[in-house]
Each structure stands twice: as structure tokens, then as C-alpha cells.
Number of protein chains: 2
Amino acid sequence: MKLEKAASQLEALGNPTRLQLYRILVRAGDDGLAVGSVQGKLDIPSSTLSHHLKRLVDTGLVTQERQATTLICRANYPGMNALIGYLADECCADAACAPAAGKALA
Amino acid sequence: MKLEKAASQLEALGNPTRLQLYRILVRAGDDGLAVGSVQGKLDIPSSTLSHHLKRLVDTGLVTQERQATTLICRANYPGMNALIGYLADECCADAACAPAAGKALA
DNA sequence: CCCAAATTTCGAAAAATATGGAAATACGAA
DNA sequence: TTCGTATTTCCATATTTTTCGAAATTTGGG
């Protein structure tokens with residue numbers, strides 16, 4: 001993971017709306033969620049949502065797949081794991097750093 | 001960890017210069033590093049560095065301690081661990097997510 | 001082909017961020 | 001106190017981000 005890429009991913013997650021959006025997709029799990037469904041949960045204009053979503057997709061944190069007219073969005077777990085790994089590389093020096101290694105969520 | 005705080009920390013790390021700065025402090029370990037020493041490694045004007053540093057301190061990712069005229073800066077490991085924990089909370093769904101739990105660095 | 005639903009792109013304005021020179025401040029030493 | 005070093009604050013500017021209405025686009029169905 002290059003510094004530039006890590007920084008762009010961190011920046012993408014560093015916006016409250018986008019972080020919330022990302023969390024929604026994580027909770028949706030492997031089924032993913034249509035853009036429209038996400039919009040219902042976030043209550044922001046579709047164009048604003050589209051911009052934020054594009055940012056997450058561009059940085060590799062979210063993937064999209066067409067299903068007819070709707071676009072299914074999914075959190076990209078490997079991408080997030082790589083980012084966490086990058087951060088952990090720098091952290092995990094002394095204090096207890098065992099970020100829920102065996103977690104089950106989505 | 002609240003979403004707002006996590007977002008502000010992610011945003012703070014989401015700038016290439018600040019991420020680099022943060023990494024430098026992590027590598028410096030518990031001894032920390034004086035602002036001036038950091039400046040030597042980054043080669044940016046002191047005022048710019050001060051702004052970035054302030055951002056990291058304000059978000060709780062870095063701490064500072066005076067030693068005479070110099071200011072020693074240290075990466076705040078617990079802070080980073082909390083952030084990683086927050087991200088891992090959302091991640092760690094399926095793929096291998098064991099971010100170097102037993103790592104020795106600084 | 002034409003329609004309706006889903007989503008993006010365009011265009012534009014407000015707000016926030018990044019950057020750095022110059023001046024100010026903090027601190028210890030002489 | 002006066003000086004010099006370390007660092008921040010002030011101020012101003014260029015750039016980027018955020019936001020969203022309106023128009024365009026995509027896709028499948030009738």
C-alpha cells in the first residue's frame with residue numbers, strides 16, 4: 001500500500017457523510033445495497049450521494065454492480081483490511097492492538 | 001468512538017503530508033521528536049508544518065510535551081488503536097482481518 | 001419506439017483546506 | 001534584561017471540497 005493511496009482512502013472515509021454511508025454498506029453485507037436504498041437511509045439529494053459514492057468507489061473502498069436499472073453497492077472488505085493493515089503497520093507498537101481479529105459482522 | 005470523531009481523525013490522516021508526518025512520529029517511538037527535527041525530515045515551511053501538526057494534535061492522534069524551547073511530539077498509540085478498532089468494527093466481516101496483532105515497531 | 005425509474009453528469013456557489021511569508025510569542029541562557 | 005532559538009499565530013491566497021438543482025443518461029418494459 002502506497003502512502004498516496006492510503007491517504008486518499010483515509011480522506012474518503014474522513015467525511016462524516018461518507019463514513020456513515022460506508023458503514024451502511026458494511027452493515028448491508030455481501031448482499032449490498034442499491035443506491036436508492038442508501039439514499040432512503042441517508043436522506044440527501046441523489047446527486048450529492050452520487051458524488052460521495054463515486055469517491056468511495058474511486059478509492060477502492062466500495063464496489064458496484066449493475067442489476068437491471070439499479071446499481072448495487074458493496075463495501076470492499078479486502079480494501080478496508082489493506083488500509084487497516086497499513087495503519088496497524090505503523091501502530092501496534094506498544095499498547096494492546098488486537099482490533100477484533102475474529103469478528104463476525106455482515 | 002463517535003462517528004464525528006472517527007471522521008475527523010480519518011480526515012486528519014487523509015492528507016499525504018500529514019500521513020507522512022504521522023508515520024515519522026510513529027517511527028520515532030516513545031522518545032518522540034522535536035518539531036524542528038520533523039521539519040528537517042519533511043522539508044516544508046515551519047508554519048505549514050505547525051498547521052498540520054496542530055490538526056493531528058487537535059484530533060487526538062498526536063501529543064506534545066515541552067522540553068525547554070523545543071516541543072516534543074509523539075504519536076498517540078491508544079488513539080490510533082481506538083480508530084483502528086472503530087474501523088475493524090465495521091470491517092472484519094469475512095476476509096482475513098488480523099491486523100498484525102502482535103507487532104513490535106517503535 | 002417511447003416511457004418510467006434509477007443514477008450520473010453538468011454547472012455553479014458557498015465553504016473549507018492548504019500553503020507559506022512575516023510578525024509575534026515562548027523559553028532558556030548570558 | 002537582552003539575545004537567539006523554537007514554534008506558533010496572523011493574514012492572505014490558491015485550490016479543493018461540498019452541496020444540490022436541473023438536465024442528461026442508462027436500462028428494461030410495454
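Everything numeric here is computed off the predicted structure, so don't read it as measured data. Proteins come first, then strands; the chains are lettered A, B, ... in the order of their sequence lines, and each starts at number 1. Below, each value reflects all heavy atoms present in this structure, side chains not excepted, and no hydrogens, waters or symmetry copies.
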I'd like a table of donor-acceptor pairs (distance under 3.5 Å, sequence neighbours excluded) in which one partner is a side-chain atom from residues 60-71 of chain A, with atom names and distances.
unit_1, atom_1, unit_2, atom_2, d
A:E65, OE1, A:R74, NH1, 2.8
A:E65, OE1, A:R74, NH2, 3.3
A:R66, NE, A:A68, O, 3.3
A:R66, NH2, A:T69, O, 3.3
A:T70, OG1, A:Q67, O, 3.1

- Rounded to the nearest 0.5 Å, what separation is found between the CG atom of A:D58 and the CG atom of A:L53? 10.0 Å

- Indicate yes or no: at least one non-hydrogen side-chain atom of A:Y86 is less than 4.5 angstrom from one of B:R23. yes

- Message: Can you measure B:L53 atom CG to D:dT9 atom P for me and round it to whole angstrom units?
- Response: 11 Å

- Message: Between A:T17 and B:A34, which residue's closest nucleotide on DNA chain D lies nearer the 5′ terminus?
- Response: B:A34

- Query: So which heavy atom on A:P45 is nearest to which on A:Q39, and how close?
  - Reply: C-NE2, 3.9 Å

- Could you grab the distance from atom CG of B:L83 to atom CG of A:L10, nearest 0.5 Å is fine? 8.0 Å

- Message: Reading DNA chain C from 5' to 3', where do the contacts with chain B start and stop? Cut-off is 4.0 Å to heavy atoms.
- Response: C:dT17 to C:dG28

- Spacing of CZ belonging to A:R18 relative to CG belonging to A:L49, to within rounding of 0.5 Å: 11.5 Å

- Nearest nucleotide by nearest heavy atom, which residue falls closer to the 5' end of DNA chain D, A:R66 or A:T48? A:T48

- Any side-chain N or O of A:R18 under 4.0 Å from OP1/OP2 of D:dT17? no

- Note on the structure: Whole-Å distance, A:K54 NZ to D:dT17 C1', equals 14 Å

- Query: What is the distance from atom CD of B:E11 to atom CZ of B:R55, rounded to the nearest 0.5 Å?
  - Reply: 4.5 Å

- Item | Nearest-Å distance for atom pair CG/P, residues A:L21 and D:dT19 | 12 Å

- For A:T69 and for A:H51, find the nucleotide of DNA chain C with the closest heavy atom, then tell me which residue's nucleotide is more 5'. A:T69

- Measure from CD1 on B:I44 to C1' on D:dT8 and round the result to the nearest Å. 14 Å

- Task: In whole angstrom, give the distance that lies between atom CD1 of A:I72 and atom C1' of D:dT27.
- Result: 14 Å

- Message: Can you measure B:L42 atom CG to D:dT7 atom C1' for me and round it to whole angstrom units?
- Response: 15 Å

- Query: How close or far is atom P of D:dA6 from atom CG of B:L49, stated in whole angstroms?
  - Reply: 14 Å

- Message: To the nearest 10°, give me the bend of the helix from C:dC1-D:dG30 to C:dA30-D:dT1, comparing the axes of its five terminal pairs at either end.
- Response: 20°

- Message: Please find the pair of heavy atoms, one from A:A12 and one from A:L56, that lie closest to each other, and give the distance.
- Response: CB-CD2, 4.0 Å

